[in-house]
Amino acid sequence: AFYEIGFRMISLATNAFNSLAGTVLPALTKVNTESGLEKVKPMFHYFSKYVSFLAIPGFTLIFILSRPFIETWMGPGFETSIVTLQIMIFPFMIGILANPSILCIQSIGYPKYAMFTIAIRGILNFVLGYIFIRMFGYYGLLIGIAIANIISSIWIEIILHRFIKTSILN
């Protein structure tokens, strides 16, 4: 129950961003097929900045308000849910920040790398979750999920930036 309550808030936030991001794939694909990769780059950078502009303050606000929100919603005694939310919010934000890269890599004709990203995340979730839950219990599971999200997000960013031949620091 504790995991479910904390994760439900994260899930609502990520689903909101994912629903907005779904409109970008067709546009990026159209630009790529009509104008080529050079025209996709500025759209990707704009979309990345737009997502960052919304996600960073949004997820930070969820982090800050997690305690009063869960205590108001569920009442006292849900400290584990609050900590769950606070541990998981930033790794999931990093995953949302990687969404433009996942969509862009699909739009330029390399959907297998988006699939690899999800596979990497799933395998790391399983392996790290198993290892860390044995070492640290419940919080180990959270740490394993967090590391899996961060590693897979960084991986897709590196792969996309190699394909579009731009610096990841831009």
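Counting begins at 1 with the first residue of the sequence.
Evaluation of the ring-ring contact (aromatic ring centres under 6.0 Å, His included) rule for F59 yields F17 as partners, not counting sequence neighbours. The ring-ring contact (aromatic ring centres under 6.0 Å, His included) test applied to F116 returns Y113, not counting sequence neighbours. For M43, the side chain to side chain contact (heavy atoms under 4.5 Å, CB included) partners are A27, L28, V31, not counting sequence neighbours.
Linking ILVMFWY side-chain heavy atoms closer than 4.5 Å, directly or via other members, places I164 and Y46 in two distinct hydrophobic clusters. Under the 4.5 Å side-chain heavy-atom criterion for grouping Ile, Leu, Val, Met, Phe, Trp and Tyr, V51 is connected to L25 within one hydrophobic cluster. In the hydrophobic clustering of this structure, L128 groups with Y138; members are Ile, Leu, Val, Met, Phe, Trp, Tyr whose side-chain heavy atoms approach within less than 4.5 Å, directly or through other members. I87 and F69 fall within a single hydrophobic cluster, where Ile, Leu, Val, Met, Phe, Trp and Tyr side chains are chained together by heavy-atom contacts under 4.5 Å. Both M93 and F53 are members of a single hydrophobic cluster when ILVMFWY side chains are connected at heavy-atom separations under 4.5 Å.
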Exercise. Walk me through it: do I5 and W73 pass the test side-chain contact (heavy atoms from CB on, under 4.5 Å)?
Key: CA-CA 10 Å; I5 293 166; W73 177 30; 3.7 Å; yes

Exercise. Begin from the C-alpha positions of L160 and I102 and carry the test side-chain contact (heavy atoms from CB on, under 4.5 Å) through to its verdict.
Key: CA-CA 8 Å; L160 174 70; I102 291 171; over 6 Å; no

Practice problem: Give the C-alpha distance, both sets of side-chain angles, the deciding distance and a yes or no for side-chain contact (heavy atoms from CB on, under 4.5 Å) between I89 and M9. | Solution: CA-CA 9 Å; I89 195 74; M9 289 182 65; over 6 Å; no

Practice problem: Check the pair L103, F44 against side-chain contact (heavy atoms from CB on, under 4.5 Å), reporting the backbone distance first and the verdict last. | Solution: CA-CA 9 Å; L103 295 172; F44 163 71; over 6 Å; no

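The backbone N or O of N32 lies less than 3.5 Å from no partner atom in the side chain of S35, so there is not a single donor-acceptor pair. A donor-acceptor pair under 3.5 Å is absent between the side-chain atoms of E157 and the main chain of S153, judged by distance alone. No side-chain donor-acceptor contact under 3.5 Å links S11 to the backbone of R8.
The shortest non-hydrogen separation linking F163 to L37 is O-CD2, 3.7 Å. Between P57 and S52, the shortest heavy-atom distance links the atoms CD-O, 3.7 Å. Contact detail for I82 and S66: the closest heavy-atom pair is CG2-OG, 4.1 Å. The minimum heavy-atom distance linking G144 with N125 is given by the pair O-OD1, 4.0 Å. Closest of all the heavy-atom pairs between G129 and L141 is CA-CD1, 4.2 Å. Minimum interatomic distance between T80 and Y139 (heavy atoms only, all atoms of both residues): CG2-OH, 3.8 Å.
Between atom CE of residue M115 and atom CD1 of residue I118 there is a gap of 10.0 Å, rounded to the nearest 0.5 Å. If you take NZ on K165 and CD on E38, they are separated by 9.0 Å, rounding to the nearest 0.5 Å. Separating the CD1 atom in I151 from the CD1 atom in I120 is a distance of 9.5 Å, to the nearest 0.5 Å. Put simply, CZ on R67 and CD on Q86 are 6.0 Å apart, with the number rounded to the nearest 0.5 Å. Atom-to-atom distance recorded for S152:OG and I94:CD1 is 10.0 Å, nearest 0.5 angstrom. If you take CD1 on I147 and CZ on R121, they are separated by 13.5 Å, rounding to the nearest 0.5 Å.
In this structure, the side chains of L54 and Y50 come closer than 4.5 Å at one or more pairs of heavy atoms. Using a 4.5 Å cut-off on side-chain heavy atoms (C-beta onward), P91 and I145 make no contact. Counting heavy atoms from C-beta on, the side chains of F7 and T84 never come closer than 4.5 Å.
Between F90 and F63, the two ring planes are tilted [angle within 30° to 60°].
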